[in-house]
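Notes follow once the structure below has been shown.
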Amino acid sequence: MKPVEELQILPTKPELSSSRLDWIDYAKGIGIILVVYVHVLTNLKNAGMGMHDLFHDYSFNFISSFHMPLFFFLSGLFVEKSLLKGKKKFWWDKFNTIVYPYLLWSVIQGSILVLMSAYTNNPIKLQFKDLPFYIAFNPIPLITLWFLYALFAAYIVFVVAQKFINIYILLSFSILIYLLNPYAPSEILTKFMSMFVFFVIGAIVARWLQNDLRNIPSTLLKLNKQQIGAIALIFVIFQMTILHFGLSEQPGTRFFMASGGIIFILGMSFYLAEIKKLDILRYLGFLSMPIYLAHMLAMGATRIFLQKGLHINHVVLHIILLTFFSLILPILLYELTKKIKFPYLFSLSKRSALSSAILAYKRTQALQQ
């Protein structure tokens, strides 16, 4: 999940819509499903739903090795292009799309975690007096919101560092801190150190493409089923081998697991954008920020309703239904805020880049029909 403003790479003119742009949103759509699914697994395991440890551990470690690096990579693709708008607009956009949602949803989610502490799985029992400290210095107890905290830090470090050093020196630095992340003194610093390298790699890839994502080589956009199948097979075998030998926590091997996952998702996205199938994934990509911000609350409410209201405790049903409603309910919430003309749950601006993206998407769909 990535910040709302990054969605503005969608065309504002329908004639610019092409697979050279759509693949980004397919990647985000696949990524946000993986984010939700991993959180569902953890939620159910913490709730004592009888999930087999082997299934949880393999699934969790397999997906978590690359799903958040993917979003840092995608965000890095846009950093230098965004800077071309000017520093003032750049930082306002970052406040509008990262800092504001982080602060607002930290208060919302933190308050609910405090009030519902007796019914939630959060191992850290929050109190209202602790929230300012956690919001300012340690968002880990706020469950998912560390991503926005670490992402904003990545923007700050990147923008400041590029004034003084070459981007490839910055890449070397990011690799060094990645390798040192197990020794970080705090968990949020560990998160930043393990993700920043993928942000920098994204910026370098964008520079290779002259900061125009329509410059993706046509050979990558023309992948066929056999090539995608081969990439998938190699990826799965590599990941499962690493997991089988218990090497997934080693920084070196984890870097290659993350890189392989990013390459695999990008390959899938290129293919889907080219054949124009599973458009729902692209739509979920448009809405990745609202889903990311609200999915944990939707997940908790759904699980409590299933368990307490309907007395359903079958773990497979919970996995399916929690994943589905954790995606759908945030979308409905976003649509409601649009209907009542109150967009401020997800963006400080009345007309966010997300709204522009949705309008562009609908115009494109109308033309295609």
Side-chain angles (χ1 to χ4, degrees), residues 1-7 32 35-36 38-40 42-43 46-47 68 71 93-153 187-188 191 284 286-306 308 322-355:
M1 224 225 301
K2 50 177 295 309
V4 177
E5 73 88 40
E6 308 299 0
L7 293 167
I32 198 64
V35 167
V36 169
V38 163
H39 290 158
V40 166
T42 302
N43 186 288
N46 291 340
M68 296 314 294
F71 281 105
D93 286 345
K94 297 300 167 277
F95 178 83
N96 180 35
T97 60
I98 301 177
V99 178
Y100 171 77
Y102 169 75
L103 294 174
L104 177 62
W105 281 86
S106 292
V107 172
I108 293 173
Q109 194 157 290
S111 298
I112 292 175
L113 287 172
V114 172
L115 295 173
M116 301 293 291
S117 60
Y119 307 98
T120 62
N121 303 319
N122 195 0
I124 300 177
K125 298 305 179 183
L126 296 175
Q127 299 181 27
F128 280 114
K129 65 182 178 63
D130 300 324
L131 286 182
F133 172 81
Y134 286 131
I135 292 171
F137 302 107
N138 182 24
I140 298 300
L142 302 173
I143 308 178
T144 60
L145 296 174
W146 69 265
F147 167 71
L148 297 178
Y149 190 98
L151 182 62
F152 188 64
E187 191 171 354
I188 185 58
K191 296 283 191 185
L284 292 176
F286 291 155
L287 295 170
S288 57
M289 176 58 94
I291 294 171
Y292 178 77
L293 290 171
H295 78 278
M296 289 302 295
L297 299 182
M299 186 184 304
T302 303
R303 181 179 64 80
I304 292 172
F305 177 72
L306 291 176
K308 307 297 183 183
L322 261 66
T323 302
F324 177 77
F325 284 108
S326 297
L327 292 168
I328 295 301
L329 293 179
I331 293 175
L332 295 178
L333 178 61
Y334 171 76
E335 293 294 339
L336 176 62
T337 62
K338 277 178 37 181
K339 187 171 184 179
I340 65 175
K341 298 181 179 179
F342 186 82
Y344 303 110
L345 271 182
F346 305 111
S347 172
L348 191 56
S349 297
K350 288 185 178 180
R351 178 70 177 274
S352 68
L354 176 58
S355 298

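No experiment lies behind these values; they were computed from the predicted model shown.
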Quiz item: Looking only at heavy atoms, which two atoms of N43 and R303 are closest? And how far apart?
Solution: OD1-NE, 2.8 Å
Exercise. Hey, could you give me the CG/CZ distance between L336 and F342, rounded to the nearest 0.5 Å?
Key: 10.5 Å
Exercise. Locate the shortest heavy-atom distance separating T302 from A298; write the atom from each residue and the value.
Key: OG1-O, 2.7 Å
Self-check item: Derivation of the side-chain contact (heavy atoms from CB on, under 4.5 Å) call for S106 and L131
Solution: CA-CA 8 Å; S106 292; L131 286 182; over 6 Å; no
Solution key, residues 324-333 side-chain donor-acceptor pairs under 3.5 Å, sequence neighbours excluded:
| residue | atom | partner | partner atom | Å |
| --- | --- | --- | --- | --- |
| S326 | OG | L322 | O | 2.6 |

Quiz prompt | Intermediate values then yes/no, side-chain contact (heavy atoms from CB on, under 4.5 Å), I108 and L293 | solution = CA-CA 10 Å; I108 293 173; L293 290 171; over 6 Å; no
Quiz prompt | By side chain to side chain contact (heavy atoms under 4.5 Å, CB included) - contacts of F95 (at least two apart) | solution = W92, V99, Y100, L348
Practice problem: Please check if the side chain of Y102 supplies one atom and the backbone of I135 the other of a donor-acceptor pair under 3.5 Å. | Solution: yes
Quiz item: At what distance, to the nearest 0.5 angstrom, does CD of Q109 lie from CE of M296?
Solution: 6.5 Å
Practice problem: Please round to the nearest 0.5 Å and tell me the distance separating atom CG of L148 and atom NZ of K94. | Solution: 12.0 Å
Quiz item: Rounded to the nearest 0.5 Å, what separation is found between the NZ atom of K308 and the CG atom of L306?
Solution: 12.0 Å
Quiz item: Is there a donor-acceptor pair closer than 3.5 Å between any side-chain N or O of Y149 and the backbone N or O of A136?
Solution: yes
Quiz item: Could you state the interatomic distance from CG (L345) to CD1 (I340), rounded to the nearest 0.5 Å?
Solution: 8.0 Å
Self-check item: Chi angles and distances behind the side-chain contact (heavy atoms from CB on, under 4.5 Å) call for H295, I32
Solution: CA-CA 10 Å; H295 78 278; I32 198 64; 5.7 Å; no
Quiz item: For the residue pair F346 and W105, does the interplanar ring angle fall in the parallel (under 30°), tilted (30 to 60°) or perpendicular (over 60°) class?
Solution: parallel
